[in-house]
Asker: 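One structure, as structure tokens, below. Some questions next.
Counting starts at 1 for both ligands and their atoms, following the listed order.
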Amino acid sequence: MKADPMVVVEEITKSFTRGPALIEVLKGTGMSVDRGEGVAIMGASGSGKSTLLHLLGGLERPDGGRILYSGKDICRMNDREITLFRNTHVGFVFQFHFLLPEFTALENVMIPAMVRSQRPDEVWPRAMELLKIVGLTDRVEHKPGELSGGEQQRVAIARALMMSPQVLLADEPTGDLDPSTGSKVIGLLSQIRKSLGVTMIIVTHNMDLARTMDRVLILKGGLLEPLSV
Ligand SMILES: Nc1ncnc2c1ncn2[C@@H]1O[C@H](COP(=O)(O)OP(=O)(O)OP(=O)(O)O)[C@@H](O)[C@H]1O
Ligand SMILES: [Mg+2]
């Protein structure tokens, strides 16, 4: 089958300075992820997984290298372009869901569309459909504080999918969940990947989640390498 790269990372470098110390986190690493592919990224704490994911989502910029989405380098985008890219091309799911506490589940899912000035009556059918996909039809009016941890994470997944992103980026999406709730979220992510064909790049310490992906990469010494078993 011909490769159809959705995301290509080339020679990415990223360091942080903290006082006199220079922390070299990414040292010229690369990867290519095909359209519809699911890739898990694992590695020791502090190896740079979240840093890499933030660069992939345009939340931070690398010191060097390129990050191409369908051939377009996001590192060369100006601030306005990168904000638009983040809103429309990628969906984020974090370990802690970052839902807005004052808003209902339904409103939280609609927010990415409202930010783009879409009218609530235009966007709510899609938000309702996504809440159905994540199995929360009977919780749409609940605020985050009235939902369980797993339900909150499912709302966060629905919100991440609101703008029909080509790529879903997730940073330890099961990290804050008990094993049984975690396995439900894992099942949901695989179901979404199959049914919606979304490309997924998921950082995780959870081997059960990693196993549901097509490939596992390990971030070690600032470089990505395939998992060798
Ligand atoms: N803004 C920052 N300033 C200085 N150092 C930072 C900054 N962000 C991250 N680091 C350092 O960079 C390294 C990589 O951090 P990162 O958060 O990417 O690790 P991680 O692989 O996601 O770890 P974990 O599995 O614990 O979440 C760490 O040593 C961290 O202390
Ligand atoms: Mg991290």
Asker: Could you tell me whether atom 19 (O) of ligand 1 has at least one protein heavy atom nearer than 4.0 Å?
Answerer: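 So far as the 4.0 Å threshold goes, atom 19 (O) of ligand 1 is in reach of a protein heavy atom.
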Asker: In the complex you have, is atom 30 (C) of ligand 1 within reach of the protein, judged by whether a heavy-atom distance drops under 4.0 Å?
Answerer: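 It does not; no protein heavy atom is within 4.0 Å.
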Asker: Give yes or no for whether the N/O distance cutoff of 3.5 Å, strictly under, is met between Gly48 and ligand 1.
Answerer: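 By distance alone, the answer is yes.
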Asker: Can Val9 be reached from Met200 by stepping across I, L, V, M, F, W or Y side chains whose heavy atoms are under 4.5 Å apart?
Answerer: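 Shared cluster, no.
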Asker: Could you pull out the N/O/S protein atoms under 2.8 Å of the Mg ion (ligand 2), ignoring any water?
Answerer: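 Sorted hits: Ser50 OG.
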Asker: Could you tell me which atoms of ligand 1, counted from 1 in the order shown, lie closer than 4.0 angstrom to a heavy atom of Ala44?
Answerer: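 Once the distances to Ala44 are compared, the set is 21 (O).
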Asker: Taking a hydrophobic cluster as the set of Ile, Leu, Val, Met, Phe, Trp and Tyr residues connected by side-chain heavy atoms closer than 4.5 Å, whether directly or through intermediates, do Ile82 and Leu55 fall within one such cluster?
Answerer: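 Per the 4.5 Å side-chain linkage, Ile82 and Leu55 are co-clustered.
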Asker: Could you tell me the residue and atom name of the protein heavy atom closest to atom 13 (C) of ligand 1, and the distance to it rounded to 0.1 Å?
Answerer: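 Nearest neighbour among protein heavy atoms for atom 13 (C) of ligand 1, to 0.1 Å: Gly46 O, 3.6 Å.
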Asker: Do you know which two heavy atoms are closest between Arg61 and Ile74, and how far apart they sit?
Answerer: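 Heavy-atom minimum between the residues: NH1-O, 4.0 Å.
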Asker: Shared ILVMFWY cluster between Val33 and Leu53, side chains joined below 4.5 angstrom?
Answerer: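 Val33 and Leu53: one cluster.
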Asker: Is it true that Glu172 lies under 4.0 Å from ligand 1, counting heavy atoms only?
Answerer: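 In this structure, Glu172 qualifies as a contact of ligand 1 - some heavy atom is under 4.0 Å.
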Asker: What closest approach, in Å, do Asp34 and Thr199 show between heavy atoms, and which atom pair accounts for it?
Answerer: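 Result for this residue pair: O-CG2, 3.6 Å.
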Asker: Under 3.5 Å, which donor-acceptor pairs link side chains of residues 136-143 to any protein atom two or more places apart or in another chain?
Answerer:
unit_1 : atom_1 : unit_2 : atom_2 : d
His142 : ND1    : Glu146 : O      : 3.1

Asker: Looking at Lys49 and Gly43, would you say the former's side chain and the latter's main chain have a donor-acceptor pair under 3.5 Å?
Answerer: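 At least one qualifying donor-acceptor pair exists.
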Asker: Looking only at protein heavy atoms, which one is nearest to atom 9 (C) of ligand 1, and what is the separation?
Answerer: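 So the nearest neighbour among protein heavy atoms is Phe16 CE1, 3.5 Å.
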Asker: Does Asn108 reach the main-chain N or O of Phe103 with its side chain, forming a donor-acceptor pair under 3.5 Å?
Answerer: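 At least one qualifying donor-acceptor pair exists.
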Asker: Ignoring angles and geometry beyond distance, decide whether Ser50 reaches within less than 3.5 Å of ligand 1 through its nitrogen or oxygen atoms.
Answerer: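 N/O-N/O distance under 3.5 Å: yes.
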Asker: Got a sec: does the CD of Gln191 have more than 12 other heavy atoms crowding it under 6.0 Å?
Answerer: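 Above 12, so yes.
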Asker: Check the surroundings of atom CZ in Arg76: do more than 12 heavy atoms from other residues, nucleotides or ligands lie under 6.0 Å from it?
Answerer: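 Open: at most 12 neighbouring heavy atoms sit under 6.0 Å from CZ of Arg76.
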Asker: Could you tell me whether a side-chain N or O of Arg215 sits under 3.5 Å from a main-chain N or O of Ala40, the two making a donor and an acceptor?
Answerer: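 No; judged by distance alone, with no hydrogens or angles, the pair does not exist.
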Asker: Among all the protein's non-hydrogen atoms, which is closest to atom 15 (O) of ligand 1, and how far away is it?
Answerer: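 Its nearest protein heavy-atom neighbour is Thr51 OG1, 3.8 Å.
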Asker: For residues Pro144 and Leu99, report the shortest heavy-atom separation together with the two atoms involved.
Answerer: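 Reported closest heavy-atom pair: CG-CB, 3.7 Å.
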Asker: Nearest non-hydrogen atom to atom 21 (O) of ligand 1 belongs to which of His205, Lys49, Met42?
Answerer: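 Closest candidate by heavy-atom distance is Lys49.
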Asker: So which heavy atom in the protein is nearest atom 12 (O) of ligand 1, and how far is it from that ligand atom?
Answerer: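 Here the nearest protein heavy atom works out to Val25 CG2, 3.3 Å.
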Asker: How far is atom 26 (O) of ligand 1 from its nearest protein heavy atom, and which residue and atom name does that atom have?
Answerer: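 Checking every protein heavy atom, the shortest distance to atom 26 (O) of ligand 1 gives Ser45 OG, 2.5 Å.
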